[in-house]
Number of protein chains: 2
Amino acid sequence: MKQTGDLSLVKKMNTAIVLDAVLRHAPLSRAQISERTGLNKATVSSLVQDLIDSHLVLDLGPGESSGGRKPNLLQFRSRSGHAVGIDLGVNYIRGILTDLEGCVVAERRIALKAHDAKSVIPQLLACIEALRGEIPPCPYGMVGIGIGVPGLVNEDGTILFAPNLSWTEVPLRAIAEERFGVPVTIDNEANAGAQGEQRYGAGRGIANQIYVSAGIGIGTGMILNKELYKGSGGFSGELGHLSIHADGKPCRCGNRGCWELYASENALLEQAEPLGFHDLDGLLEAAGQGREDVVALFERIGEALGVGIANIVNVFNPDVVIIGNEMRRAEAWIGGAVQRTVAARALAHHQRKLKVLFAEQGEKSAVRGAAYYAISSFLAKMKGSGA
Amino acid sequence: MKQTGDLSLVKKMNTAIVLDAVLRHAPLSRAQISERTGLNKATVSSLVQDLIDSHLVLDLGPGESSGGRKPNLLQFRSRSGHAVGIDLGVNYIRGILTDLEGCVVAERRIALKAHDAKSVIPQLLACIEALRGEIPPCPYGMVGIGIGVPGLVNEDGTILFAPNLSWTEVPLRAIAEERFGVPVTIDNEANAGAQGEQRYGAGRGIANQIYVSAGIGIGTGMILNKELYKGSGGFSGELGHLSIHADGKPCRCGNRGCWELYASENALLEQAEPLGFHDLDGLLEAAGQGREDVVALFERIGEALGVGIANIVNVFNPDVVIIGNEMRRAEAWIGGAVQRTVAARALAHHQRKLKVLFAEQGEKSAVRGAAYYAISSFLAKMKGSGA
DNA sequence: CAAACTTTGTTTGTCTAGTAAACAAAGTAA
DNA sequence: TTACTTTGTTTACTAGACAAACAAAGTTTG
């Protein structure tokens, strides 16, 4: 077994600390970094020089003096590399190109006509190719690719099972890495969405965040202690199959009364059928025009969402629960019912700091999270290599 | 902000690595440690010397040669300090004295007549006092105290609320530290039980373990990635208030259909009342004599337990779920129903590696876990100090 | 405006801790 | 008896952090 508790580790850690300081508080001087982090001035100078040499930090030159020599301000060079994020949906592919801070630089969207891997994968690769073409000249070019998919993914980046695409055993990571020669990360769409909101959305800086991806089914991404939680073997987050009616309808998963049978977009559309509606857009419009039966339906779905969220709150006592994916669009009609139900059912103690929010990044939560995977593994590598 | 990414950290880490190697694979030689950990022989020698100087490691002298110079075998000196663990129950205090490996050296049990803090605390302190008296001469004496309590505890070791004792705001840690002058850790009984099973029982070496403390209510201790998970502000684990019947009976917590209303010892006794039973002992005896209504009752409770456990499995995808506390005693009568229900309701994928077990440490899970708190914080301190 | 003080960032020397390599001690095998 | 092995220590070296001194570039004050 090898587990070096060695010297270079210290440098790695300190480099990470310095880089984080620059990322979070730019522009700032070496002196400020030293003060803020507790690291010695000499150490900071040396590490900063390394970061400048590796194009990750830029010396902007002198700033305003505060009664002594002018500081040399430093900034993160977010444009020295770019990441590609992909959100593979059931009937679309969304792709973005971001800089190293995660800012969106370019964007594409493709509508999918068929689901089969044979036709989808070439389109997906073409989308990446196109985004790569838009990268401006920079030292690192495309540093990595992150892909969020609607299914179960194992640690090798193979999609084990994507029910709504009817895919099984698709080694997507291997395919993409082979083609583009950069690190590729594949993860579940809910996990990607959770990351997106954690980094760029409603969960910024919050330690314990649960992201509820309410679409056709319900998936969840759990960020505990600022890290994505993955259960045994890398699979968890099947909160959609938390049973809320022990004797309720049987679910395809084998259990009965699963949450997603009552609170997903599917559940909504099923119950909308008798009212004469077949998609979310129609329902939203009708509710907007004041159709009471539709408003009542949204209310009912909102309550069901709230029941599950109350359970989540009692289990995890998170700081924030974020509702994302398609159902987020119904915020105006379900928001009240969700909040009311949670308030009534979650433990009072756990509600003190709790916030239940809707995804700030909207339909982009998952793509941006996917891009973040690529950015963070690149930066982790850079912190390590030192040079 | 201070976050030294400094040098001494490396030593701390390596000392910890060496000590762990000794703990896990004793008796072994310096050479073996070097091989196993990847650390240089010289480094190992130096660190081992430090550990010997601080009485944590013993050089047993030469062992069997394997074709060259005889190795000097090393062992953990588990008797150079002792820890006290306390399990504060609703009608008893259980206390143990352990060595640094957690082995039980002495034991006490006190039956409580009253619940009020004024009468219980002196008895608790006296119990600790008595156990301290039994410590044989050793370099470190009593290194710490761990206490498991049936209630909500904050980060300062204050019992915020213990419903079944009717305690609120009892600063137990401060009281005990003042009295004994050693570090005291207070935690919830379910968390302590989880630790006990993780270290000494059915969860040894398992990364993701959920401990279900099924007693008067249902509490849970979650060990994720080998660490106790505590939610925002240090409170979580209220899985007992996971709702399994969204429209079920109202619970004192505000929610409806909470798991513990259907699967706890209380639920059992409530339903046993009409059958003419008032305690678990009576029920166990009757079931043993083949009373069918009692057996059926156990079956029903077992199913309810299973429903909740299936939910837990779907949420956490743990490697193992351990059922502890009073209800564990009914293993023979509820075990089958639990296993059956979980098998039917949990996601098939998550069941592959899953095991549902009963607490191996029996009634001692919590005390031993409590003692472990004291041991681990002592050892953490020793690894840090170096000398 | 000169002198005194401040702030920034580099340089210099010291210290800690880990490593590699040589070596001594103590054994086994041929 | 000679050669090889294994163990654990010693020695010399290296990386990296730090403290203190210092130089550079300001600002403030008398």
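Fair warning: this is a prediction, and the values are worked out from it, not measured in the lab.
Regarding contacts with the backbone of D/dT7, every side-chain N or O of B/N72 stays at 4.0 angstrom or more from both OP1 and OP2. Between D/dC18 and A/T43, a contact under 4.0 Å exists linking OP1 or OP2 to a side-chain N or O.
For B/R199, there are no salt bridge (charged side-chain N to carboxylate O under 4.0 Å, His left out) partners two or more places apart in sequence or in a different chain. Looking at residues two or more places apart in sequence or on another chain, you find no side-chain hydrogen bond (donor to acceptor under 3.5 Å, both in side chains) involving A/T98. A/Q49 pairs by the side-chain hydrogen bond (donor to acceptor under 3.5 Å, both in side chains) definition with A/D53, not counting sequence neighbours. With sequence neighbours left out, A/R179 forms a salt bridge (charged side-chain N to carboxylate O under 4.0 Å, His left out) with A/E129. For A/R204, the salt bridge (charged side-chain N to carboxylate O under 4.0 Å, His left out) partners are A/E360, not counting sequence neighbours. The ring pair (Phe, Tyr, Trp, His ring centres under 6.0 Å) search around A/F180 returns none, not counting sequence neighbours. Annotation: salt bridge (charged side-chain N to carboxylate O under 4.0 Å, His left out) contacts of B/E134 (sequence neighbours excluded): B/R108. Under the rule for a ring pair (Phe, Tyr, Trp, His ring centres under 6.0 Å), the partners of B/F378 that lie at least two apart in sequence or sit in another chain are B/Y140.
Contacts of residues 23-31 of chain A with DNA chain C (heavy atom under 4.0 Å): A/S29, A/R30, A/A31.
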So if I define the base as every atom that isn't primed, P, OP1 or OP2, how would nucleotides 19-30 of chain D read as a B/S/- string at a heavy-atom cutoff under 4.0 Å? B---BBBBS---

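Taking the six-membered ring where the residue is Trp, A/F316 and B/Y229 present perpendicular rings, their angle passing 60° and hence far from 30°.
Toward the 5' end of DNA chain C, the nearer of the two residues A/Q49 and B/S46, judged by each one's closest nucleotide, is A/Q49.
For residues 56-71 of chain A, every residue pair satisfying the salt bridge (Lys or Arg N to Asp or Glu O under 4.0 Å) rule, not counting sequence neighbours, is listed here: A/R30-A/D59.
Every stem involving DNA chain D, taken as at least 3 paired positions in a row under the Watson-Crick or G-U wobble test at 3.5 Å, is listed here: C:1-30 with D:1-30.
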